[in-house]
Amino acid sequence: MGNKIRRADALREMETREKANGKASHFSLQFYLKNGELVSFPRAVMRGLRADMKRNRLRGILPVDSNGDPIGHIHAVSIDNLREFNGMQVVI
């Protein structure tokens, strides 16, 4: 499989909120918006949404800087629009 990751595995890694050492778990992500625009976050963390994330197939993603401080706001990302996770192509 090389440089590919299954979507279920990527989602499982995204939902890991912290590493064994207690620090927040960061990841890089690329995804498509509804209009087809490609969005890249070189460093991001998972956050909650006010919507039912499982039923609506969404995840809350917050871009952060190198110190882990938030940049901007939480983005609702459709799991069907994931393109790349930690440099690996997301496949079903």
Item to check | Nearest-0.5 Å distance, CG of residue Leu33 to CG of residue Leu38 | outcome: 8.5 Å
Next on the checklist: Do Leu29 and Arg83 make a side-chain contact, defined as non-hydrogen atoms from C-beta onward lying under 4.5 Å apart?
Outcome noted: no
Checklist entry - Are side-chain heavy atoms of Ile74 and Ile61 found at a separation under 4.5 Å? => result no
Item to check | Atom pair OH/CD of Tyr32 and Glu37 - distance to nearest 0.5 Å | outcome: 11.5 Å
Next on the checklist: Any salt bridge linking Asp80 with Arg57? Criterion: basic side-chain nitrogen under 4.0 Å from a carboxylate oxygen.
Outcome noted: yes
Checklist entry - Hey, which of Arg47, His75, Met14 is the one that makes side-chain contact (heavy atoms from CB on, under 4.5 Å) with Arg59? => result Met14
Checklist entry - Short question: side chain of Asn67, backbone of Asp69 - any donor-acceptor pair under 3.5 Å? => result no
Checklist entry - Does any non-hydrogen side-chain atom of Met88 lie less than 4.5 Å from one of Lys4? => result no
Next on the checklist: With heavy-atom distances below 4.5 Å as the criterion, would you say the side chains of Leu62 and Met46 are in contact?
Outcome noted: no
Checklist entry - Is the gap between the ring centers of Phe31 and Phe41 under 6.0 Å? => result yes
Next on the checklist: Within the structure provided, determine whether Ser66 and Arg43 are in side-chain contact (heavy-atom separation under 4.5 Å).
Outcome noted: yes
Checklist entry - Do Ile71 and Val64 come within less than 4.5 Å of each other through their side chains, counting heavy atoms only? => result no
